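As the structure is a prediction and not an experimental result, all values here were calculated from the model. By convention in this document, chain letters (A, B, ...) are assigned in the order of the sequence lines, proteins followed by strands, and residues within each chain are numbered from 1.
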Amino acid sequence: MYFNIATNNIKKSFKDYAIYFITLTLAVCIFYNFNSMNSQTVMQDMNRIDVLVKLISYISIFISVIFGGLVIYANNALLKKRKKEFGIYTTLGMSKRKVSKILTYETFIVGIISLGTGLLLGVILSQGISVITGKLFEFNMDEYSFIISTNAIFKTIIYFGAMFILVMIFNTVAVSKHKLIDMINASKKSEEIKARNPVISVIIFILSIAVLSRAYYLGWKYASNPKNINFPLSIVWGSAGTLLFFFGLAGFTLFMLKKNKQIYLKKLNIFVIKQFSNKINTNFISMGIICLMLFTTIVMSSSSLSIKAQLEKELENLSPFDANIELSIRSDKQEVKDIEEALKTVDFELIPSYEYAVLDVYGTNIKVSDLLNEYANKSLKERLKKYVGKLGTIRVSQYNEMRKLKGYSTVELKENEVLLLTNDNDEKQALNNLINNKDEININGNKYSLKIDKQLKDIEYNLITIVPDSAVENMDKSNSTMYINSLNEVKKQELEEDVKELRQKFANIDYNYDELLNKYGFIIRAETKTQIYNETKSAIGTSLYIGIYLGFVFLIASAAVLAIQQLTEASDSASRYKTLKKIGVSDNMISKTIFTQILIHFMAPLMLAIVHSIVALAIVGKMSRNVGLAFLFKLGPTIFITGIIVIGVYGSYLYAAYTGYKNIVKNDYN
Amino acid sequence: MKNILSVENVEKYYGKKEVITKALDGISFKVDKAEFVGIMGPSGSGKTTLLNCIATIDNVTTGNITINNYEITKLKSKKLDKFRRDELGFIFQDFNLLDTLTGYENIALALTIQERKPKEIDSLIKKVAETLGILDILNKYPYQMSGGQKQRVACARAIVTNPSLILADEPTGALDSKSARLLLESLEKLNGDLEATILLVTHDAFTASYTNRILFIKDGKIFNELVRGNDSRKEFFNRIIEVMTLLGGDVDNVF
């Protein structure tokens with residue numbers, strides 16, 4: 001019987017439940033999408049973009065917190081609306097225990113329905129979004145297929161199951177705590193307006209600024225060392241600071257504005273300020289959460305877009321050779337030290353239509369950090385701290401062979417000269433300083449005069465030394481790389497196949513290192529131009545996918561929740577606007593007031609989110625430099641694009657809320 | 001005396017061709033400055049409709065209403081808002097205070113929407129609050145006030161803009177007898193000291209006995225008119241009861 005009452009209640013108060021239901025479904029849908037990401041094939045390349053993975057792992061910490069909060073919030077709003085109904089049950093003689101029982105059934109039913117709908121929507125949406133992003137950014141669609149992640153479904157059910165149980169407990173406690181008289185009179189009292197002590201608000205607001213500064217400081221300071229507990233802790237500080245900020249904001253604003261009578265006593269300003277402060281007293285949690293979601297959106301989309309831009313730039317600098325094969329030499333004991341010999345052992349045939357050059361890199365006993373540290377700028381110094389590699393050298397004859405293959409002119413080098421080359425801008429700068437201060441270098445006991453050439457762009461990205469052939473006699477070879485060009489277009493395909501075969505022999509090198517070393521006696525790494533091109537493209541797609549997809553979903557969720565909040569609030573405020581109308585406020589002024597009210601409601605979380613994002617992006621930039629990622633963050637244009645997206649989506653929700661609100665108010669006074 | 005309100009032959013019909021209800025059926029009267037006029041009548045007599053028409057909340061079907069030389073039946077909707085803002089003050093049965101604002105702010109709103117200067121606003125509020133004896137509750141929110149206090153704040157909001165005409169619709173309807181008496185005394189004071197012109201709608205003889213003149217309405221027509229003259233309030237009250245008996249309406253309510 002109670003079950004029947006519960007189902008009927010849901011049908012009757014469908015309008016009230018709609019808000020709760022939409023919130024839940026949206027939450028389930030997003031949660032599923034986020035968690036199914038690992039199972040999407042395109043995501044499996046993600047390991048390459050370390051920073052992003054790290055970011056996501058942190059983000060997922062508060063994803064569940066966000067949704068937990070949202071669900072409880074929506075439930076709470078619903079409970080308040082229906083207090084009177086429960087009061088009537090009690091006056092009719094139903095015990096509170098039975099009322100909670102009905103409520104528990106209702107939560108259960110709505111929970112099941114929204115979980116089902118949310119999962120269904122999530123599965124469909126995840127396909128749709130992956131297809132759209134894939135198409136939009138010319139990502140190879142073969143890699144996508146229809147995926148249902150049972151793992152994610154399972155996880156979603158567990159998490160939300162726990163949330164529903166929490167809500168049920170919460171409801172039972174709430175119902176048993178309410179007095180009958182309060183329940184019956186609930187509709188008469190509009191939500192009680194608690195006038196908080198303004199001094200407390202001001203103190204809390206100032207405290208929140210301090211907490212946020214601490215969060216920013218920790219994030220910035222430990223960006224170079226994300227594993228330190230203080231780094232994730234900065235997120236905790238930031239979240240707490242955000243909540244405190246919104247808790248104190250309204251009171252603080254009110255306090256400040258009361259001091260300025262010119263603003264306070266102008267037109268409907270008093271009313272607008274009170275509308276805002278009245279609501280933020282009850283809404284500060286949701287505002288804080290929405291702020292954090294928007295923050296995530298902005299950071300995710302801007303950094304993913306900037307990674308895209310950076311990777312695409314790398315494609316332009318793609319190796320001019322069709323393929324390269326590298327033999328690494330780990331110790332003296334390795335028998336095969338020559339790349340051609342190694343290739344023979346693994347049956348890789350160098351057919352006549354291939355042109356190739358070999359570069360052998362010999363190690364010196366000079367540490368790169370020792371050589372450059374003195375002359376390095378700040379960011380290079382940070383990088384050198386962690387870099388233990390030694391300066392590599394290449395014989396000038398081999399180097400010229402390679403340049404000839406590329407179709408470039410050769411370089412001249414005297415017996416007592418060495419040429420330092422790099423493509424890295426920081427290192428170029430350091431080299432400049434180095435050559436201004438020193439003109440000699442001691443390599444393995446021999447003195448050479450230094451030369452640099454800033455114009456040369458070469459294979460190696462980082463510092464390499466070109467030395468006379470005689471110089472390497474006493475040095476150990478550290479690796480040997482063959483660069484291959486196919487003269488014949490048809491044979492190019494063959495080269496591709498051969499290299500692929502070679503790669504398969506040495507599959508998962510990092511994993512099976514010892515096994516492979518035992519089997520062949522050496523390790524070979526091979527790449528082709530086409531393959532690198534595809535991989536880079538795929539990395540671009542991956543980062544875009546994560547960033548835009550998540551960002552978009554978060555953005556829509558926050559904007560939707562804000563709009564829903566305003567619309568629920570509209571029916572409470574309608575009577576206030578009716579009063580305003582009666583005392584002679586014009587329609588035009590009422591519309592403006594409604595707009596201002598909604599604008600403040602939408603902008604408050606966005607503004608703080610933007611400040612958060614600026615700091616976070618600076619931190620991410622610092623992080624990526626420290627990790628020594630080849631791609632640095634270039635944020636200018638990407639922030640512009642992100643901004644347009646945010647304004648577009650956010651703006652349309654704002655407008656929708658405004659029109660809806662106006663209709664509710666107008667309907668009330670007609 | 002200067003004429004403030006003049007209602008000429010006003011008719012108001014509700015419904016469509018077949019079933020027409022005449023809510024107001026050719027009503028005419030005048031109110032001069034500093035008059036305190038009551039409108040009485042049984043439920044359904046048309047008194048609220050009349051008030052709504054004067055308040056520019058409703059339109060008349062035919063006839064003219066002039067307030068302070070404005071022909072309000074001919075004003076456009078935009079001008080009506082401005083007119084209501086500047087020329088009229090309202091006191092409602094259910095107070096209609098904004099629950100989010102303090103007493104001070106509720107009164108201030110009537111002035112801020114007229115775009116008065118902040119300094120002026122502050123002194124005007126202080127002055128009116130003193131007259132009505134609500135200085136000590138100005139910083140309270142409506143939920144912290146009693147019904148009588150709320151209604152006096154609403155009164156202050158109505159009077160503070162110095163309107164040509166104050167319209168009070170059953171202002172004592174939601175008050176206990178003590179608060180009602182206090183409020184009516186306040187209204188009397190406003191009328192006497194500040195020369196406010198007040199039009200009060202009620203069905204309660206006690207409330208009506210505070211006015212100078214009463215118009216009785218029945219079935220949309222003016223049925224009778226009582227002028228207090230030099231009568232004491234008690235005498236006036238008795239005369240009101242007599243008319244009400246004649247009207248055959250709400251006499252039971254009194255006892």
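Identified by a heavy-atom distance below 4.5 Å to chain A, the contributing residues of residues 82-93 of chain B are R84(B), R85(B), F90(B), F92(B), in residue-number order.
Of the two parts of I113(B), the backbone and the side chain both hold a non-hydrogen atom closer than 4.5 Å to a non-hydrogen atom of chain A. With a 4.5 angstrom heavy-atom cutoff, K261(A) touches chain B via backbone and side-chain atoms both. Interface remark: E115(B) contributes side-chain atoms only to the contact with chain A (heavy atom separation under 4.5 Å). With a threshold of 4.5 angstrom between heavy atoms, L580(A) approaches chain B through side-chain atoms but not through N, CA, C or O. Looking at T102(B), the atoms closer than 4.5 Å to chain A (heavy atoms on both sides) sit in the backbone and in the side chain alike.
Most heavy-atom pairs under 4.5 Å with chain B: of the set K267(A), Q275(A), M589(A), Q262(A), this distinction falls to K267(A). Per-residue counts of heavy-atom pairs under 4.5 Å with chain B were compared for I273(A), N269(A), L265(A); the largest is that of L265(A).
Within 6.0 Å of the NZ atom in K592(A), the count of heavy atoms belonging to other residues, nucleotides or ligands does not exceed 12. Taking a 6.0 Å sphere around NZ of K33(B), one finds it holds more than 12 heavy atoms contributed by other residues, nucleotides or ligands. For E130(B), the CD atom sits in a loose shell: 12 or fewer heavy atoms of surrounding residues, nucleotides or ligands are nearer than 6.0 Å. Counting heavy-atom neighbours within 6.0 Å of Y655(A) OH, excluding the residue itself, gives a total of 12 or less.
Note that OH of Y577(A) is 10.0 Å distant from CG of L98(B), once rounded to the nearest 0.5 Å. Distance check: N96(B) CG to K582(A) NZ gives 4.0 Å after rounding to the nearest 0.5 Å. Separation of atoms CD1 (I583(A)) and CG (D81(B)) is listed at 11.5 Å; rounding is to 0.5 Å. Note that CD1 of I270(A) and OH of Y104(B) are 8.0 Å apart. Values are rounded to the nearest 0.5 Å.
Of all the heavy atoms in L101(B) and F271(A), the pair that sits closest is CD2-CA, 4.2 Å.
Look at D99(B) and R576(A) and you find a salt bridge, because one of the NZ, NE, NH1 or NH2 atoms lies within 4.0 Å of a carboxylate O, short of that distance.
Here the side chains of V585(A) and L109(B) are not in contact, with every heavy-atom distance at 4.5 Å or above.
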Next on the checklist: Could you go through E105(B) and K258(A), starting from their C-alpha distance and side-chain angles, then the distance that decides it, and tell me whether this counts as side chain to side chain contact (heavy atoms under 4.5 Å, CB included)?
Outcome noted: CA-CA 11 Å; E105(B) 289 161 344; K258(A) 268 192 179 165; 3.8 Å; yes
